[in-house]
Amino acid sequence: DPKIIQKPKYLVAVTGSEKILICEQYLGHNAMYWYRQSAKKPLEFMFSYSYQKLMDNQTASSRFQPQSSKKNHLDLQITALKPDDSATYFCASSQTTGNNQAPLFGEGTRLSVL
Amino acid sequence: TQTVSQSDAHVTVFEGDSVELRCNYSYGGSIYLSWYIQHHGRGLQFLLKYYSGNPVVQGVNGFEAEFSKSDSSFHLRKASVHWSDSAVYFCAVSSYQGGRALIFGTGTTVSVSP
């Protein structure tokens, strides 16, 4: 059974719209992350949360907003979608953000913006 | 600034052959190195990690990697590949920070021929 659940698996959106990508982990982890993988760039770190608090934000655009309603949830809200936002978004988690922690990844949400 | 370089974009090997995937990093402080594998259309799966201690680390499915501070490298090896090892392999580096962002290389695609 998958321990990190991302929903939906595929998502098609129109330019200018808003979408929320869902991530839930059932590993009992306290740290959660978002990464993005697109055809043009390698895997890139976006956000990290620890105990539901933002620890690091490497995303330049405020259109990307993580939301943590529960300890094991870290959703990603994307507003004013652009075609360049088309990518696969991966959620990950680890026990903590400390050393010797290897984040585990979900299967991703593949977003296409038309 | 941390960077990761994977010099080989694509490697083709025959089943039963050995393979070595190269990873070089640049960072002066304490670092954390890891390798992940991504099968087509799937999420990333953790293979192995190094933070300190024995520079040769063992991972899942017969993979091992060797850390070299003098060469700034963390090459991944497998003595005998299987067709199921066909995938993209990512090397990642991070420093100890509150956010624990992983910086990924561009990946090496391994194709295993029968």
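Chain letters run A, B, ... following the sequence lines, proteins first, then strands; residues in each count from 1.
Clustering ILVMFWY residues whenever any of their side-chain heavy atoms sit less than 4.5 angstrom apart, transitively, puts Leu48(B) in the very cluster that holds Val60(B). There is no path of hydrophobic side-chain contacts, each under 4.5 Å, that joins Val12(A) to Leu81(A). Taken together through direct or relayed side-chain contacts under 4.5 Å among Ile, Leu, Val, Met, Phe, Trp and Tyr, Trp83(B) and Val11(B) form parts of separate hydrophobic clusters. In the hydrophobic clustering of ILVMFWY residues, with side-chain heavy atoms under 4.5 Å counting as a link, Phe63(B) and Val56(B) come out apart. Residues Tyr51(A) and Trp34(A) fall into different hydrophobic clusters, defined by Ile, Leu, Val, Met, Phe, Trp and Tyr side chains chained together at heavy-atom separations under 4.5 Å.
Contact annotation for Ser34(B): neither backbone nor side-chain heavy atoms come within less than 4.5 Å of a heavy atom of chain A. For chain B, the nearby part of Gln37(A) is the side chain; its heavy atoms alone come within less than 4.5 Å.
Other members of the cluster containing Ile20(A) are Ile22(A), with ILVMFWY side chains joined at under 4.5 Å, either directly or via other members. Summarising the hydrophobic clusters (Ile, Leu, Val, Met, Phe, Trp, Tyr; side-chain heavy atoms under 4.5 Å, direct or chained), the residues clustered with Phe14(B) are none. Think of Ile5(A) as one node in a network of Ile, Leu, Val, Met, Phe, Trp and Tyr side chains linked at under 4.5 Å; its network also takes in Tyr26(A).
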Quiz item: For Phe45(A) and Leu102(B), what are the C-alpha separation, side-chain angles and deciding distance, and is it a side-chain contact (heavy atoms from CB on, under 4.5 Å)?
Solution: CA-CA 7 Å; Phe45(A) 169 82; Leu102(B) 287 176; over 6 Å; no
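At most 12 non-hydrogen atoms from other residues, nucleotides or ligands lie less than 6.0 angstrom from NZ of Lys82(A).
Scanning both residues, Leu44(B) and Phe105(A), for their nearest heavy atoms gives O-CB, 3.5 Å. Considering all non-hydrogen atoms of both residues, Tyr35(A) and Ala101(B) come closest at OH-C, 4.0 Å. Heavy atoms only, all atoms of each residue included: Pro42(A) and Gly105(B) are closest at CB-O, 3.9 Å.
Within residues 35-43 of chain B, the residues having any heavy atom less than 4.5 Å from a heavy atom of chain A are, in residue-number order, Tyr36(B), Gln38(B), Gly41(B), Arg42(B), Gly43(B).
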